[in-house]
Protein chains: 2
Amino acid sequence: MLTDEYRFKILKELQQDPDISQRELASRLGISLGKVNFCLKALIEKGLVKVENFRNNANKVSYLYLLTPKGIEDRAILTRHFLQKKLQEYESLTQEIEELRKEVLTKKSEND
Amino acid sequence: MLTDEYRFKILKELQQDPDISQRELASRLGISLGKVNFCLKALIEKGLVKVENFRNNANKVSYLYLLTPKGIEDRAILTRHFLQKKLQEYESLTQEIEELRKEVLTKKSEND
DNA sequence: AAGGCACCGTTCATCAAGTGAACGATATTA
DNA sequence: TAATATCGTTCACTTGATGAACGGTGCCTT
């Protein structure tokens, strides 16, 4: 499945490193090769990524996974979206930590 | 699978509400009935929870999922463990937000 | 007492998602 | 030229989660 999270992560990696193998990408994101392959195809299908055969000066054929204008736009939208989401996470995480702290202190005083 | 996370959450719920149905527990934790049933059995197997047939004054048979001393101890350990973990998450979340902020601002200035 | 209803824990067939070994194609090296 | 390395692609397999269905039990109404 291609979630927002991996759409974002993959677009981010590709933008800053268009010549990257699917294996390397899988390794960086901590997911399987199969999943990367699936997600990448979905991104291409959606028109967010375009794959090009790139022939460098040593006559070596390698692949380039380039973000299309639509892909760049999508990445920007996702960035704003995730900032909002992370800020909400920050709120709830702060509260969660507060509760855990209280609890740890309570338990401690019970044993004193 | 019985992860630390659900071991913690379930022990927490049971401690503050020992007469609770598996369905209600599933609903509170946002997981399926089958998973609750599986996890609960695992907790009993591990000796962290003891189930009792509780016969109240109206002769109604209901269940009590009580934490054993071992269960209470485990919950305390998990609480401290999760506090540490959440503090680490806090660190990385803060950094992540910082990066997202930078990025949003960069994109914005590019379009000005 | 009997029938109906509601809720309980338990089971398990079914589904969805992730995995990585294996493959053919291609580039590089010996 | 043969051997090796790396590429993207495929797909059989594993794993986890799901919730409908079931039998058991308490309770209410008739």
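A note on names: the letters A, B, ... follow the listed sequences, proteins ahead of strands, and every chain is numbered from 1.
Contact annotation: A/N37 side-chain N/O to D/dG8 OP1/OP2 distance is not under 4.0 Å. Remark: B/Y65 is in phosphate contact with C/dG9, judged by side-chain N or O atoms under 4.0 Å from OP1 or OP2.
The ring pair (Phe, Tyr, Trp, His ring centres under 6.0 Å) test applied to A/F82 returns A/F8, not counting sequence neighbours.
Between B/L33 atom CG and C/dG9 atom P the separation is 8 Å, expressed in whole Å. In this structure, A/F38 atom CZ and C/dA17 atom P are separated by 8 Å, rounded to whole Å.
Residues B/Q22 and B/Y63 bring no donor and acceptor atom of their side chains to less than 3.5 Å of each other.
The C1' atoms of five pairs define one axis at each end of the helix from C/dA1-D/dT30 to C/dA30-D/dT1, and these two axes lie 10° apart (to 10°).
A/I77 has its side chain within reach of A/E73: a pair of non-hydrogen atoms, C-beta onward, lies under 4.5 Å apart. In this structure, A/L43 and A/L67 have side chains that are not in contact, with every pair of non-hydrogen atoms separated by 4.5 Å or more. Put simply, the side chain of A/Y6 reaches to within 4.5 Å of the side chain of A/T3, judged on heavy atoms.
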Give me the distances for all protein-to-nucleotides 15-17 of chain D N/O pairs that come in under 3.5 Å?
{"from": "D/dA17", "atom 1": "OP1", "to": "B/K35", "atom 2": "NZ", "distance (Å)": "2.9"}
{"from": "D/dA17", "atom 1": "OP2", "to": "B/M1", "atom 2": "N", "distance (Å)": "2.9"}

Step by step, would you call B/E103 with A/R75 a side chain to side chain contact (heavy atoms under 4.5 Å, CB included)? CA-CA 11 Å; B/E103 214 175 313; A/R75 168 155 162 35; 2.5 Å; yes
Kindly indicate, with the supporting measurements, whether the criterion side chain to side chain contact (heavy atoms under 4.5 Å, CB included) is fulfilled by A/L100 and B/T79. CA-CA 7 Å; A/L100 286 169; B/T79 302; 3.8 Å; yes
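Within residues 16-25 of chain B, no residue approaches DNA chain D, by heavy-atom distance under 4.0 Å. A heavy-atom distance below 4.0 Å to DNA chain C is reached by none of the residues of residues 39-50 of chain A.
Taking each heavy atom of A/L11 and A/G71 in turn, the nearest pair found is CD1-O, 4.0 Å. The heavy-atom pair separating A/G47 from A/T68 by the smallest distance is O-OG1, 2.6 Å. The heavy-atom pair separating A/R7 from A/L78 by the smallest distance is NH2-CD2, 3.6 Å.
Counting only distance, with no hydrogens or angles, the side chain of B/T94 and the backbone of B/Y90 share a donor-acceptor pair below 3.5 Å.
Listed by first and then second residue, the salt bridge (Lys or Arg N to Asp or Glu O under 4.0 Å) pairs that reach into residues 24-43 of chain B are B/E13-B/R28, B/D17-B/R28, B/E24-B/R28, sequence neighbours excluded.
In the displayed structure, A/Q16 atom CD is contacted under 6.0 Å by more than 12 heavy atoms of other residues, nucleotides or ligands.
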